[in-house]
Amino acid sequence: MKILVINGPNLNMLGIREPDHYGRETYDDLVNKIKAYCGEREILCDFYQSNHEGCLVDKIQEAYGGYDGIIINPGAYTHTSIALLDAVKSVGIPTVEVHISKVEEREDFRQVSYIRLAAVKTVTGLGTDGYLRAVDFLEEYLNK
Ligand code: DQA
């Protein structure tokens, strides 16, 4: 099983940005945590982060044929990007949407998620552990 973990805009600022919402772990901490978790389960994982919508679309397209699952936190593009939704639909790779914060308890503009329309699962409000729950979900989903 091979998964791609994609993080969108400002997630490279983890540990610095709004710790009350996103905690104190850095992006590197997050990557290392997921790598260790996947390593114990013999799951191959690659990582990508970009602040640019088109680069995220390109990466999702490149994943076609190369990955069994995608875990994506599109950051603010969650609430605006039909292009990311269409990219996930285009490749047809089972995709889990993750948010570190509990978006459903935040501002009205965060209540819309385009990517959710193509996601097989959404995980919110569990901090960075949410990515590990997404791995768990994909493992079960893909092996059933
Ligand atoms: C986020 C929530 C989004 O609303 C926000 O724009 C982010 C991070 C989260 O992980 O909680 O950048 O996706």
Side-chain angles (χ1 to χ4, degrees), residues 1-41 43-64 66-142:
M1 176 173 148
K2 193 173 173 197
I3 62 172
L4 176 62
V5 181
I6 299 177
N7 279 287
N10 300 307
L11 288 155
N12 56 318
M13 296 296 282
L14 282 180
I16 298 168
R17 72 180 291 213
E18 303 179 85
D20 287 352
H21 283 304
Y22 304 117
R24 300 250 172 223
E25 285 169 281
T26 65
Y27 177 72
D28 285 347
D29 293 337
L30 171 68
V31 167
N32 289 332
K33 180 171 172 170
I34 301 169
K35 263 187 198 162
Y37 195 75
C38 287
E40 288 162 12
R41 285 158 184 77
I43 296 169
L44 300 173
C45 56
D46 289 324
F47 297 86
Y48 182 73
Q49 190 278 327
S50 176
N51 296 323
H52 305 279
E53 187 175 12
C55 296
L56 295 164
V57 169
D58 286 345
K59 195 67 188 179
I60 292 166
Q61 289 184 4
E62 284 167 22
Y64 181 71
Y67 291 92
D68 304 304
I70 293 175
I71 294 171
I72 187 166
N73 182 347
Y77 291 139
T78 305
H79 318 300
T80 60
S81 180
I82 298 167
L84 286 181
L85 167 66
D86 285 348
V88 169
K89 281 184 166 178
S90 298
V91 296
I93 301 171
T95 296
V96 179
E97 170 194 16
V98 173
H99 300 287
I100 295 169
S101 66
K102 202 161 194 162
V103 277
E104 58 272 31
E105 293 182 359
R106 298 182 63 192
E107 301 94 327
D108 286 351
F109 63 82
R110 292 186 209 276
Q111 304 314 312
V112 172
S113 169
Y114 287 101
I115 204 94
R116 195 159 305 168
L117 300 172
V120 292
K121 171 90 177 161
T122 296
V123 181
T124 70
L126 299 179
T128 58
D129 282 356
Y131 292 81
L132 308 185
R133 300 295 75 80
V135 172
D136 293 339
F137 179 87
L138 278 178
E139 197 173 17
E140 197 173 322
Y141 184 88
L142 293 168

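Worth knowing before you read on, the calculation uses all heavy atoms, side chains too, and leaves out hydrogens, waters and symmetry mates. All ligand and atom numbering here is 1-based and tracks the order in the structure.
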Query - Close-contact set for ligand 1 against Val103 heavy atoms, below 4.0 Å - result: 2 (C), 4 (O)
Query raised in the report: Hey, is Arg133 close enough to Asp136 for a salt bridge, meaning N to O under 4.0 Å?
Result: yes
Query raised in the report: What is the closest protein heavy atom to atom 1 (C) of ligand 1, and at what distance does it sit?
Result: His99 ND1, 3.7 Å
Report summary line: Looking only at protein heavy atoms, what sits closest to atom 11 (O) of ligand 1 is Ser101 OG, 2.6 Å
Check this for me - ligand 1, [X], N or O atoms closer than 3.5 angstrom, yes or no?
| X | value |
| --- | --- |
| Arg110 | yes |
| Ile100 | yes |
| Leu11 | no |

Using only heavy-atom distances, determine whether the side chains of [X] and [Y] contain a donor-acceptor pair under 3.5 Å.
| X | Y | answer |
| --- | --- | --- |
| Thr78 | Glu97 | no |
| Lys59 | Ser50 | no |
| Asn51 | Gln49 | yes |

Report summary line: Nearest heavy-atom approach of Leu142 to Asp68 is CD2-O, 3.6 Å
Requested in this report: Just go through Thr80, Asn7, Asn73, Asn10 and tell me whose heavy atom is the nearest to atom 13 (O) of ligand 1.
Outcome: Asn73
Requested in this report: Could you give me the CA-CA distance, side-chain angles and deciding distance for Tyr131 and Asn7, then say whether side chain to side chain donor-acceptor pair (under 3.5 Å) is met?
Outcome: CA-CA 11 Å; Tyr131 292 81; Asn7 279 287; 2.6 Å; yes
Report task. Determine, using heavy atoms of Tyr77 and all atoms of ligand 1, whether some pair is separated by less than 4.0 Å. Result -> no
Query raised in the report: Contact between Arg17 and ligand 1, counting heavy atoms under 4.0 Å?
Result: yes
Query raised in the report: Which bit of His79 gets closer than 4.0 Å to ligand 1, counting heavy atoms only: side chain, backbone, both or neither?
Result: side chain
Query raised in the report: Where does the angle between the aromatic ring planes of His79 and Phe109 fall among parallel (under 30°), tilted (30 to 60°) and perpendicular (over 60°)?
Result: perpendicular
